[in-house]
2 protein chains.
Amino acid sequence: MPDKSPAAGKPIRTAITTEDGIDFAIIELFFFAYRDFTSDPDQILADYGFGRAHHRVLHFVNRRPGLTVAELLDVLKITKQSLARVLKQLIDTDHVVQLQGPRDRRQRELYPTAKGRALALALARPQSRRIHAALKDSGATERTLVERFLEAMVNPELRAQIDVGSAKLSGKSHGEQ
Amino acid sequence: MPDKSPAAGKPIRTAITTEDGIDFAIIELFFFAYRDFTSDPDQILADYGFGRAHHRVLHFVNRRPGLTVAELLDVLKITKQSLARVLKQLIDTDHVVQLQGPRDRRQRELYPTAKGRALALALARPQSRRIHAALKDSGATERTLVERFLEAMVNPELRAQIDVGSAKLSGKSHGEQ
DNA sequence: AGATTATGTCAGTACTATTGACGTAATTTC
DNA sequence: GAAATTACGTCAATAGTACTGACATAATCT
């Protein structure tokens, strides 16, 4: 039954436009860009029987070694039940280890192993290559602009999470957390 | 058992750095930005019992009214089985209608209804607001730069898909498709 | 001592995606 | 015109990621 059912609305044959000031160009570009951005690591992960969730955990454990389970949940914005399976697999395959928190022994500090560090780098490499290629004709100014745009796209309340990462990235110490 | 199992690797306590020229700053920003970018429509979709997949279908049906099922599958890069449930729900709820293809009667041309157009706009509005806010202090130059960056992040083979959309967006006609 | 916190785990469910197989109608090819 | 191909739909089974709710344990705080 290819045609409309009795009470169905009439088809609109004109494409949606920038009416109402909707920025469809960037909305769509963002979708395509992110889809392809994640497709590179996805292929590598498949060889390990891992998925995107493993990648995210591995990434943040490498970026902030020693973060606790609660901190990781807060960064990923998922529930502990969602994290459980993924984290267990990463621990069982010796990509991540847990150490008892020194100050609070209830806490589990998460660290990458050499194996986990290597995999994180292998996953990041094609993504970094893609970014590098996208900015190849750009200078520092353009790069900063893209960074500023992406940061401005993040919910203001959550920008602190990123700043921590950036601080670590640029080699600053950060007291305690 | 918080401590390591017998054969587990040693924990690496140093954060991963920009060694090997890996661009962790933008990798991370992209993750956070996309997460929050999709969270706005997700909340609206929940009221309809829809998910992100419904949003994507609705978006492209509104952007390219009359596209066929095969074209939609190609844009979304999913299988027809994945599309089936989502598309059926959108049709059953009168957001999308199917018309028999005029040239080839095997094809199903997909069109939004008034209801589907309205929902697509409602979903796009907060995303567009976010983009607008992120670019608020920027001029046309910066905007173009961000667009160019995002486009360059897409696989070259797939950029054609986007160009069609951009052409329509800027009001150009496009012959047939 | 009792409350709270950090973590782990069990059970059930939902959404999105996959592969593989099969069916039907329409078009193309020989 | 018969056969092959194409466009689409559908059934079945599976996987990955997420959710809510409930309960358990150990450690810390009040």
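Labels below follow one simple rule: chain letters A, B, ... track the order of the sequence lines, proteins then strands, and each chain is numbered from 1.
Neither OP1 nor OP2 of D/dA18 sits under 4.0 Å from any side-chain N or O of A/Thr79. Residue A/Arg105 has a polar side-chain atom (N or O) positioned under 4.0 Å from OP1 or OP2 of D/dT28. For A/Gln98 and C/dG8, the shortest distance from a side-chain N or O to OP1 or OP2 is below 4.0 Å. When the side-chain nitrogen and oxygen atoms of A/Ser82 are compared with OP1 and OP2 of D/dC19, one or more of them lie within a distance under 4.0 Å.
On a pure distance criterion of 3.5 Å, no polar donor-acceptor pair joins the side chain of A/Arg106 and the base of C/dT7. Between the side chain of A/Lys88 and the base of C/dG8, no donor-acceptor pair under 3.5 Å is found. In terms of polar N and O atoms assigned as donor or acceptor, the side chain of B/Gln81 comes within less than 3.5 Å of the base of C/dG20 in a complementary pairing.
The distance between atom CG of B/Asp74 and atom P of D/dT6, rounded to the nearest whole Å, is 15 Å. With rounding to whole Å, A/Lys77 atom NZ is found 14 Å from D/dA18 atom P. Between the CG atom of B/Asp104 and the C1' atom of D/dT6 there is a distance of 8 Å, given to the nearest Å. If you measure from atom CG of B/Leu72 to atom C1' of C/dT16, you get 15 Å, rounded to the nearest angstrom. Between the C1' atom of C/dT28 and the CD atom of B/Gln107 lies a distance of 14 Å, rounded to the nearest Å. Regarding B/Leu83, its CG atom lies at a distance of 15 Å from the C1' atom of C/dC15, rounded to whole Å. Atom CZ in B/Arg103 sits roughly 15 Å away from atom C1' in D/dA7 (whole-Å rounding). Rounded to an integer number of Å, the gap from CZ of B/Arg108 to C1' of D/dG9 is 9 Å.
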Is there a side chain to side chain contact (heavy atoms under 4.5 Å, CB included) between B/Arg130 and B/Asp36 once you walk through the steps?
CA-CA 9 Å; B/Arg130 185 184 288 268; B/Asp36 291 349; 3.4 Å; yes
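The 5' end of DNA chain D is approached more closely, in terms of each residue's nearest nucleotide, by B/Leu87 than by the other of A/Pro102 and B/Leu87. Mapped onto DNA chain C by nearest heavy atom, B/Lys80 and B/Arg85 fall at different nucleotides, with B/Arg85 at the one closer to the 5' end.
When the shell of 6.0 Å around CZ of B/Arg35 is examined, it contains more than 12 heavy atoms from other residues, nucleotides or ligands. The 12-atom threshold is not exceeded at CD of B/Gln43, counting heavy atoms of other residues, nucleotides or ligands nearer than 6.0 Å. The number of heavy atoms from other shown groups lying within 6.0 Å of NZ (A/Lys77) is above 12.
Closest non-hydrogen pair, A/Ala124 versus B/Ile27, comes out as O-CD1, 3.9 Å.
For DNA chain D, the neighbouring residues in residues 46-56 of chain A, judged by any heavy atom under 4.0 Å, are A/Gly51, A/Arg52, A/Ala53, A/His54, A/Arg56.
Judged purely by distance below 3.5 Å, without hydrogens or angles, the side chains of A/Thr144 and A/Thr141 never pair a donor atom with an acceptor atom. Side-chain contact of B/Arg108 with B/Thr68: a donor-acceptor pair under 3.5 Å is absent, judged by distance alone. At a cut-off of 3.5 Å, with distance as the only test, a side-chain donor of A/Glu28 or B/His59 sits close to an acceptor on the other residue.
Side-chain proximity of A/Ile78 to the nucleotides C/dG8, D/dC19, C/dT16 is greatest for D/dC19.
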